[in-house]
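A quick write-up on the structure given underneath.
All values below come from the heavy atoms of this structure, side chains included, with hydrogens, waters and symmetry mates left out. Computed from a predicted structure; not experimentally measured. Reminder, nothing fancy here: chain letters follow the sequence lines and each chain counts from 1.
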Amino acid sequence: MNAPPSLELHGLQLVTIVAETVLRDRITRRLQDLGATGFTVTESQGRGSRGLRTGDVPGQGVRIETLVTPEVAVRILGMVAERYFADYAVIAWVTEVQVVRGDKYVGPR
Amino acid sequence: MNAPPSLELHGLQLVTIVAETVLRDRITRRLQDLGATGFTVTESQGRGSRGLRTGDVPGQGVRIETLVTPEVAVRILGMVAERYFADYAVIAWVTEVQVVRGDKYVGPR
Amino acid sequence: MNAPPSLELHGLQLVTIVAETVLRDRITRRLQDLGATGFTVTESQGRGSRGLRTGDVPGQGVRIETLVTPEVAVRILGMVAERYFADYAVIAWVTEVQVVRGDKYVGPR
Amino acid sequence: MGSILEVNLLSPITLAFALGILARRIGSDLSLPREIYGGLGIYLLFALGLKGGHELAQASLATIALPVVATLALGCVRPLTSWTVLRGVGRLPVADAAGIAAHYGSVSAVTFIAALTFVDAMGDPAAGFLPTLLALLESPGIAIALMIGAVKAGTSRPVGEVVHEVLAGRTLVLLVGGLAIGYFSAPEAWEQVQPFFDGAVFKGALTLFLLEMGIVAADRLDDLKTTGPFLVAFGIGMAVVHGILGVAVGHAVGLAPGSATVLGAMSASASYIAAPPAVRITLPEANPTLSLTASLAITFPFNIVVGIPLYYRFATFLAA
Amino acid sequence: MGSILEVNLLSPITLAFALGILARRIGSDLSLPREIYGGLGIYLLFALGLKGGHELAQASLATIALPVVATLALGCVRPLTSWTVLRGVGRLPVADAAGIAAHYGSVSAVTFIAALTFVDAMGDPAAGFLPTLLALLESPGIAIALMIGAVKAGTSRPVGEVVHEVLAGRTLVLLVGGLAIGYFSAPEAWEQVQPFFDGAVFKGALTLFLLEMGIVAADRLDDLKTTGPFLVAFGIGMAVVHGILGVAVGHAVGLAPGSATVLGAMSASASYIAAPPAVRITLPEANPTLSLTASLAITFPFNIVVGIPLYYRFATFLAA
Amino acid sequence: MGSILEVNLLSPITLAFALGILARRIGSDLSLPREIYGGLGIYLLFALGLKGGHELAQASLATIALPVVATLALGCVRPLTSWTVLRGVGRLPVADAAGIAAHYGSVSAVTFIAALTFVDAMGDPAAGFLPTLLALLESPGIAIALMIGAVKAGTSRPVGEVVHEVLAGRTLVLLVGGLAIGYFSAPEAWEQVQPFFDGAVFKGALTLFLLEMGIVAADRLDDLKTTGPFLVAFGIGMAVVHGILGVAVGHAVGLAPGSATVLGAMSASASYIAAPPAVRITLPEANPTLSLTASLAITFPFNIVVGIPLYYRFATFLAA
Ligand SMILES: Nc1ncnc2c1ncn2[C@@H]1O[C@H](COP(=O)(O)O)[C@@H](O)[C@H]1O
Ligand SMILES: Nc1ncnc2c1ncn2[C@@H]1O[C@H](COP(=O)(O)O)[C@@H](O)[C@H]1O
Ligand SMILES: Nc1ncnc2c1ncn2[C@@H]1O[C@H](COP(=O)(O)O)[C@@H](O)[C@H]1O
Ligand code: NA
Ligand code: NA
Ligand code: NA
């Protein structure tokens with residue numbers, strides 16, 4: 001992308017986590033500790049390998065997105081995998097993106 | 001991304017389909033047949049080339065995401081294009097992503 | 001991705017803008033002027049560097065997605081950065097994607 | 001007719017609809033949350049069914065036999081008249097004509113309720129079995145028009161699947177389910193919930209619903225510019241023709257003016273809830289803007305403001 | 001018993017539940033918007049608390065002391081009987097047994113309200129302090145079952161955190177908060193809002209709520225195929241045992257048949273709002289499909305249709 | 001004053017607000033679905049307008065002329081006093097001062113309704129044309145404060161566009177639209193819907209609305225730590241000054257104590273629905289946390305709990 005320098009595009013990683021609603025606050029609270037500077041949540045519904053509707057426990061699922069550096073992404077994915085993968089309906093993936101004024105989202109190390 | 005091997009990141013494709021609500025069940029029912037192991041749906045509104053509001057037919061639009069292998073992605077996109085592109089307000093795209101424990105989402109072939 | 005030629009995949013850019021709800025119509029109205037052929041909006045909630053809840057002003061946040069060519073993407077990001085970054089809770093990023101029948105989304109130049 | 005129109009125009013129900021239109025025209029952000037609008041719609045249909053079922057339990061089979069037959073006949077005739085006009089006069093493509101005919105072959109429950117409320121206010125309340133007729137008039141028209149469309153368009157679309165969807169659709173399930181519950185409930189049990197499903201609560205909920213319907217209809221007014229004058233003429237003309245027909249048929253089978261008016265309003269109305277998704281799936285080439293604009297932005301307001309008093313006037317004329 | 005069952009079956013409340021199940025079984029898209037369903041639930045709990053609080057202000061401490069003790073005892077016993085049967089007879093894994101026991105140790109407020117409405121219709125209204133007992137029976141059972149589960153599973157899960165979540169959960173806050181407001185409000189102030197929180201509005205809202213509960217329950221009926229016959233037997237058997245126990249205990253502490261019936265129905269019921277998220281967090285290995293299917297698709301309908309009349313029959317038998 | 005405060009504190013309306021605050025402080029997940037909250041807000045404003053319009057139709061122009069002038073004067077003065085204090089005493093930046101002044105130049109409809117309910121309970125009901133005054137007091141203050149801000153900040157922000165947005169905003173459309181409908185509806189037509197828009201249903205809906213407002217306000221209490229003591233003093237002090245001013249002006253133009261109290265409460269209140277988006281667009285440099293915390297977490301609770309009884313006390317003192 002031929003961005004004029006003024007646009008200051010930064011390569012970052014977008015971590016997307018789809019999880020049962022019951023985990024919403026537990027996960028977002030941890031994001032900041034792991035170095036994320038913010039997050040965006042949307043409501044979702046889904047079906048996965050678990051055969052479980054995400055809405056099995058009343059309330060739907062949530063889709064959490066956070067823009068982070070690669071190191072923070074690894075920490076977040078590790079946390080999600082370790083704590084929640086065994087027992088909960090959770091899925092997480094990473095996308096490479098270009099962020100405007102991306103330096104804002106590089107948290108303290 | 002320097003993922004520690006323990007994280008088992010898998011390259012997969014994220015297919016996103018934005019469609020009229022009336023197609024929601026018709027599309028998600030087909031996904032599994034084509035090899036997807038799951039999907040996530042969020043509600044959406046939109047405006048496109050058709051000049052049609054997605055909400056023209058009562059009910060809003062839906063945004064369906066499914067993580068799949070490249071072969072399955074092609075099948076899904078083909079199905080959507082063939083069946084729905086001519087007559088419905090539908091759009092579909094593919095993003096390359098890295099998925100934690102991505103092997104879970106490689107369905108039976 | 002080994003797409004059969006019939007699928008006509010086009011490389012495009014997906015611009016995602018997360019913003020205060022109060023900006024929803026202001027931003028979407030501008031998208032078309034800048035060359036976008038459509039957009040998809042979902043409701044969201046979030047927390048960012050501003051320490052502000054997106055929902056501080058009653059109403060939640062919105063997540064606007066638009067598939068565009070790289071030139072249009074630059075224009076949109078520039079508009080968002082210039083007009084809204086200083087004073088509003090806004091974030092924007094770009095992802096490289098493959099779009100089915102992507103030529104539909106290349107607006108007039 | 002002056003005072004009849006006045007009763008209709010100066011009711012909070014009609015005025016709320018006008019306020020909704022006005023609000024959107026001046027660019028207001030006013031809008032009932034979608035879920036509230038949906039919930040009110042469910043409440044109105046269910047309440048209508050419950051009350052109708054309770055009253056049906058008091059009616060004799062002899063009283064309703066002829067009106068039932070007449071209603072089914074209307075259900076078969078209306079999609080055909082619509083189709084004929086749309087193809088013959090409007091020269092619309094097959095899919096569009098069939099799609100619009102499906103809307104005008106079905107009914108608008110809100111128009112029905114507004115007519116009930118109007119004849120109540122005129123001191124000429126309709127018979128208790130009218131909601132049963134509404135349930136009977138809802139589906140046949142959709143099915144017939146879709147079948148015409150499928151045959152003429154030579155498609156192998158899932159008409160069977162769609163017939164099921166219409167029969168299992170929320171409108172019919174609420175109406176028929178409510179009728180059954182009202183019919184079978186013990187009278188004392190019905191009385192315990194009646195004030196919630198009847199009277200001021202029902203009319204108040206209808207007022208709020210019409211406020212939002214005004215907003216929704218106003219959103220379609222701009223489409224009139226692109227859909228052209230034929231659709232406007234069709235939306236009004238079809239309403240008048242079907243309305244007069246409904247009143248006449250009602251009178252012929254022995255309905256009093258209040259009931260004949262409501263049957264006329266029902267017959268004059270066009271669907272905007274049950275028909276659209278059914279048409280969207282079966283005849284996707286049909287342009288949904290045409291059918292929705294006609295039923296929501298033309299026929300519905302026409303009936304609410306002018307049509308219902310007109311049908312009433314005709315019904316009292318026949319009965320005189 | 002014939003006429004008792006009839007009163008129960010031919011009420012709009014029970015019939016609306018049946019309609020919800022039927023609608024989903026025939027593949028209807030009918031569904032109350034999630035937000036309306038949530039809002040109705042909040043209204044019902046809050047209204048129940050308000051009314052109960054207003055009536056509690058008229059009760060003497062002497063009258064309610066024994067019933068309170070009896071209720072707390074039921075709250076301790078029910079999770080243990082459930083656990084014992086689930087482990088001993090059903091041979092379920094520790095986490096599943098503890099998870100289900102938490103559901104059957106708590107209560108269903110809707111079953112409680114249906115029982116109140118039923119004894120009203122039978123001319124045997126329950127005492128005004130029963131909602132207070134409901135509030136007392138809600139939480140202990142969840143806490144006890146979760147503690148058993150945490151100990152047996154040897155996990156260090158956040159039981160404390162979860163106990164807080166249950167106590168601060170919406171069900172208890174609305175019920176206890178409503179009780180307090182009803183208790184402290186000046187009688188004239190209560191009268192100004194009473195018609196909104198009581199009588200036909202309350203029962204009408206309950207009818208709509210049960211329509212959606214039928215839809216939700218029907219969605220779980222298919223799960224019965226995979227969860228197997230033990231769960232069906234458990235869901236019905238446990239309801240009967242706890243129901244009879246509740247009625248007997250109520251009779252023993254001096255409750256009249258109406259009140260004893262409601263205590264029995266409360267005891268016979270299983271939670272599907274407060275327990276699920278608590279169990280999901282504390283015992284994530286437990287399969288939520290098992291507990292939700294048992295409480296929503298088996299025990300809840302059983303109590304609504306058959307259980308409540310049965311407990312009433314037993315209560316009048318004891319009182320005879 | 002003891003018993004006045006008691007009437008106010010022991011009403012379900014005030015107690016529901018307190019429960020909402022408490023629920024959030026103990027970490028409860030209780031919250032009305034956003035759509036229900038929005039729907040209740042629309043209902044309350046529309047009902048207020050309808051009833052006010054119906055009563056306005058009975059008022060003579062002579063009776064309301066002076067109060068109308070007085071209200072418009074209050075609408076011009078209040079943003080100026082607010083601006084002067086915020087700049088002069090608080091030394092806030094231009095944008096923040098203008099933003100907060102816009103909130104305190106407008107009104108809170110819920111405070112108004114609570115005052116109506118309170119004077120009703122005191123046996124001193126307000127005149128029927130008060131809702132008309134509310135509609136008049138809503139917008140001028142926002143426009144004036146935004147204009148000051150735009151001029152002082154030297155920006156070329158879209159003030160015109162924003163004035164349109166405020167005038168076409170949902171609050172004003174519902175209020176003025178409701179007033180017009182209530183005014184023009186035939187009396188018999190109004191009576192048919194009145195029980196839905198008035199009395200217990202209205203007060204019950206207000207109770208639920210205040211439960212959620214307590215939750216929303218509690219979410220802002222933590223912000224008080226960062227916004228500092230000046231804002232607390234401003235939120236209370238401005239309410240008292242504007243409240244006393246409103247009562248005095250009301251008394252001067254001949255309003256009875258009930259009406260003067262309601263005018264005072266209106267004058268003492270600050271907007272949290274109409275003003276925030278208008279300010280956000282016109283003066284984006286203004287920190288929305290400051291204005292929302294002041295109006296929602298300080299002024300609103302102060303008026304609900306202490307202010308309204310105080311203004312009433314003053315109004316009866318003047319009238320004595
Ligand atoms: N292949 C997939 N693509 C997209 N979303 C998925 C996929 N699999 C699972 N999900 C989402 O993740 C949630 C949990 O999935 P699971 O843990 O596999 O049951 C589901 O409810 C879906 O929302
Ligand atoms: N360029 C675009 N970018 C993002 N979403 C789009 C775009 N074009 C269309 N859409 C979405 O796809 C739906 C159908 O578009 P269309 O078929 O072009 O009318 C719209 O309602 C939008 O939600
Ligand atoms: N690092 C991030 N990742 C994802 N979304 C973010 C991030 N930072 C901010 N946001 C979103 O952007 C909005 C505005 O952020 P800000 O301008 O930083 O306060 C927030 O409410 C979030 O929805
Ligand atoms: Na319809
Ligand atoms: Na529960
Ligand atoms: Na306001």
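To the nearest 0.5 Å, the span separating CD on A:Gln45 from OG1 on B:Thr28 amounts to 10.5 Å. Rounded to the nearest 0.5 Å, atoms CH2 (A:Trp93) and CD (B:Glu96) are 14.5 Å apart.
In this structure, the portion of B:Thr95 lying under 4.5 Å from any heavy atom of chain A is its side chain and not its backbone. Looking at B:Leu14, the atoms closer than 4.5 Å to chain A (heavy atoms on both sides) all sit in the side chain, from C-beta outward. Looking at B:Ile64, there are no atoms closer than 4.5 Å to chain A (heavy atoms on both sides), in backbone or side chain.
Here the side chains of A:Arg63 and B:Thr42 are in contact, with some heavy-atom distance below 4.5 Å. At least one side-chain heavy atom of B:Leu67 sits under 4.5 Å from a side-chain heavy atom of A:Ile91.
Applying the salt bridge (charged side-chain N to carboxylate O under 4.0 Å, His left out) definition to pairs two or more places apart or across chains, those involving residues 32-43 of chain B are B:Arg30-B:Asp33, B:Glu43-D:Arg34.
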